[in-house]
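The figures here come from the full heavy-atom set of this structure, side chains too, leaving out hydrogens, waters and symmetry mates. In what follows, every chain begins at residue 1, and chains take the letters A, B, ... in the order their sequences are listed.
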There are 2 protein chains.
Amino acid sequence: MALIVQKFGGTSVASTDRIKSVAKRVARWQAAGHDVIVVPSAMAGETNRLIALAKEISPSPDPRELDVIASTGEQVTIALLAMAMHGEGLKARSFTGSQVTVLTDSAFTKARILKIDETRIRKALAEGNVVVVAGFQGADEDGNITTLGRGGSDTSAVALAAALKADECQIYTDVDGVYTTDPRVEPEARKLDTITFEEMLEMASLGSKVLQIRSVEFAGKYKVKLRVLSSFEDEGEGTLITVEEKRTMEEPVISGIAFNRDEAKLTMLGVPDRPGIAYQILGPIADANIDVDMIIQNIGRDDTTDFSFTVHRSDYSKALAILETVRQKIGARDLSGDTGTCKVSAVGVGMRSHPGVASKMFGALAKEGINLQMISTSEIKISVVIEEKYLELAVRVLHKAFGLEKPPKSKLGLTGRDETDIITPS
Amino acid sequence: MALIVQKFGGTSVASTDRIKSVAKRVARWQAAGHDVIVVPSAMAGETNRLIALAKEISPSPDPRELDVIASTGEQVTIALLAMAMHGEGLKARSFTGSQVTVLTDSAFTKARILKIDETRIRKALAEGNVVVVAGFQGADEDGNITTLGRGGSDTSAVALAAALKADECQIYTDVDGVYTTDPRVEPEARKLDTITFEEMLEMASLGSKVLQIRSVEFAGKYKVKLRVLSSFEDEGEGTLITVEEKRTMEEPVISGIAFNRDEAKLTMLGVPDRPGIAYQILGPIADANIDVDMIIQNIGRDDTTDFSFTVHRSDYSKALAILETVRQKIGARDLSGDTGTCKVSAVGVGMRSHPGVASKMFGALAKEGINLQMISTSEIKISVVIEEKYLELAVRVLHKAFGLEKPPKSKLGLTGRDETDIITPS
């Protein structure tokens with residue numbers, strides 16, 4: 001018998017029929033003797049509908065009041081789910097974030113969880129209930145309703161799992177796990193049985209939008225066992241996101257190929273090479289609330305240097321206009337930009353101990369004549385910015401180059417997965 | 001400067017445009033120096049939508065969970081209203097029933113208010129806010145969300161007015177006040193400036209559905225000054241529902257003619273005339289959750305009597321089937337019923353001190369050849385059951401007979417209204 005937190009996203013609870021399916025699934029877990037806490041999102045489209053309603057009143061609605069509205073989406077789902085569980089003969093009880101209480105700070109629309117009071121949940125579980133807790137929401141210490149921002153339900157689930165020391169936190173989504181890359185780009189992409197938190201973080205931030213990145217950080221920090229599963233298939237054990245590196249020598253160096261289509265590149269040419277110049281360039285960009293992804297500055301020549309960075313494509317025009325002002329101020333020579341770029345990355349904790357990953361990657365791309373415009377590396381990933389038209393080709397080439405289509409071998413006849421880890425509904 | 005509670009029904013907040021209109025109206029009251037607490041219902045149709053969603057999951061959803069869902073309707077409106085007020089340059093802050101707290105018992109879907117904590121409202125008012133409180137909802141002492149049942153927002157408003165000792169509780173509806181009868185039946189129907197609580201109770205229960213009957217009882221009990229106004233007209237002072245009888249000698253005996261179209265009549269004939277027989281007949285009816293309206297039993301003849309009562313037309317078949325079982329058990333002679341009936345009533349506190357009201361009423365109806373099937377009287381009303389086809393005729397005849405089309409005269413040149421009572425927005 002284990003304590004399981006199960007999170008269901010908006011598409012998994014998009015209709016009353018789907019909500020009934022979720023209830024049936026939960027019933028199987030409870031029948032197997034497990035305690036279950038269910039954390040649903042709002043029904044697909046509902047949060048958008050509510051926010052659109054608020055925008056009809058005001059283009060920039062008060063954040064406190066926006067949270068009062070937005071939180072109703074999950075409030076509806078928890079009650080519908082509890083009812084559906086009653087229909088399956090289960091005892092079930094719903095709780096809003098305020099009722100739990102999921103205590104957050106007062107940063108409305110993007111609050112952070114500070115503390116979860118487990119009293120009411122423990123009591124309801126002890127009484128034999130499936131406990132249904134609204135994701136995405138909490139309350140600050142004055143009792144104001146807060147929300148955690150988009151995708152916050154993942155974070156709610158992980159935080160609950162951490163607070164209650166759950167045996168596993170299962171994130172049900174519309175995919176059946178984390179893949180070596182996007183199967184729509186590379187048909188031979190393979191589902192991973194396990195991935196480390198660090199790899200998952202790199203994969204998530206690079207555009208594999210299976211899990212909310214904050215929830216992965218949270219799970220890593222609090223050592224919550226996180227599993228990604230499909231809510232539409234009854235079989236399959238998804239992908240386990242592991243804290244430790246339970247890997248054998250033969251484990252692959254690279255776990256996956258991530259990519260991001262929406263990159264735009266900006267370069268300021270002939271920047272005076274003096275201390276503080278990076279801040280002078282990026283400060284105004286940050287002030288305009290534009291997220292910067294890759295940043296590249298090479299060593300200078302002739303007292304000047306070239307400074308490049310990438311932003312989301314939708315921020316490109318805004319960033320360019322800001323840079324022009326900065327360019328005149330600091331006396332840089334010129335400005336160039338490109339919205340026809342993308343980013344492709346190889347991710348894997350194995351590269352720490354395996355030299356030569358970068359050269360293997362660059363070699364494979366060079367063989368196809370793909371020019372590398374920017375290169376950036378971290379401990380466990382190598383990213384390159386290339387022309388967007390080469391995206392699919394680059395992903396397929398790298399997937400093949402690192403042998404990702406083949407399941408990992410092991411000297412001891414074990415997979416990377418520890419079989420005792422598996423919790424099943426029966 | 002006064003403290004005013006303003007309640008807006010579902011049609012008054014049916015769209016974001018109407019919500020903006022409400023905000024403008026509130027702004028005028030605040031500009032005049034008044035403290036305002038606004039209590040909205042859910043947007044028209046929203047509560048029905050939410051309940052339909054619940055019924056898709058279960059035909060008889062768990063009441064606790066149903067309240068979690070149903071309460072979101074008002075939660076959305078309070079935030080939209082607060083945002084709209086910000087748009088008018090006002091400070092405004094919304095509170096759910098749980099946040100206030102509006103403490104209720106745990107009778108989910110039909111909870112009763114036990115106590116209102118005024119702390120947060122007083123604080124928000126002191127900070128210069130318009131306070132927007134969700135109608136229809138509260139929380140029990142365990143923090144479970146409760147709702148007060150249909151029309152509960154009126155009750156919320158009156159309860160808040162009572163708890164905070166507000167100077168006036170204004171109920172904004174789609175009519176501009178309480179009329180002497182339904183203007184669709186009698187075009188000469190006249191808006192009343194004042195009506196007593198007792199009269200209002202009789203009018204409401206008889207089908208003049210301007211105000212929720214519970215809220216009128218509540219207002220009477222706690223001496224809350226209640227006013228019914230139109231939310232679609234800026235002019236007009238509506239109808240004040242008075243605690244005391246501020247009336248002169250010349251005040252009319254009858255204040256209004258109420259009617260109810262949906263009556264069905266049932267009669268058990270030849271019932272053995274012995275103690276306990278009424279309970280034997282009505283007990284099973286009550287057990288089946290059928291509301292009984294009028295009950296008539298005349299003195300017996302030959303050791304038997306005839307026993308009649310009326311129910312809502314939709315309960316007629318069910319009631320008839322129950323009565324047949326009862327008839328056989330108690331050995332009554334026969335059963336008869338009629339769904340083609342209606343009830344017409346004359347209501348007025350004046351009839352206490354004026355004899356002859358009944359004979360005047362019966363005479364007026366007799367003159368038109370309208371047969372009285374049942375008669376029932378209380379301190380301040382006389383009701384008759386007649387054939388439904390005579391309903392409109394009877395209403396018009398009685399309206400005329402009691403001179404209701406003419407405004408009340410007064411020896412002292414005063415209307416029944418004390419002018420100092422009027423609170424205006426400017």
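- When heavy atoms are compared at a cutoff of 4.5 Å, B:T96 approaches chain A solely by way of its side chain, counted from C-beta outward.
- The interface of residues 56-86 of chain A with chain B, defined by heavy-atom distances below 4.5 Å, comprises A:E56, A:I57, A:P61, A:D62, A:R64, A:E65, A:L66, A:V68, A:I69, A:S71, A:T72, A:Q75, A:V76, A:I78, A:A79, A:L80, A:A82, A:M83, A:A84, A:H86.
- Residues satisfying the salt bridge (Lys or Arg N to Asp or Glu O under 4.0 Å) criterion with A:K165, sequence neighbours excluded, are absent altogether.
- The contact between B:A92 and chain A is made entirely by backbone atoms, counting heavy-atom distances below 4.5 Å.
- Applying a 4.5 Å heavy-atom cutoff, the residues of residues 39-55 of chain A that approach chain B are A:M43, A:E46, A:R49, A:L50, A:L53, A:A54.
- The stretch residues 104-141 of chain A places A:R120 near chain B, each with some heavy atom under 4.5 Å from a heavy atom of that chain.
- Here the OG atom belonging to B:S94 is positioned 8.5 Å from the CG atom belonging to A:N144, to the nearest 0.5 angstrom.
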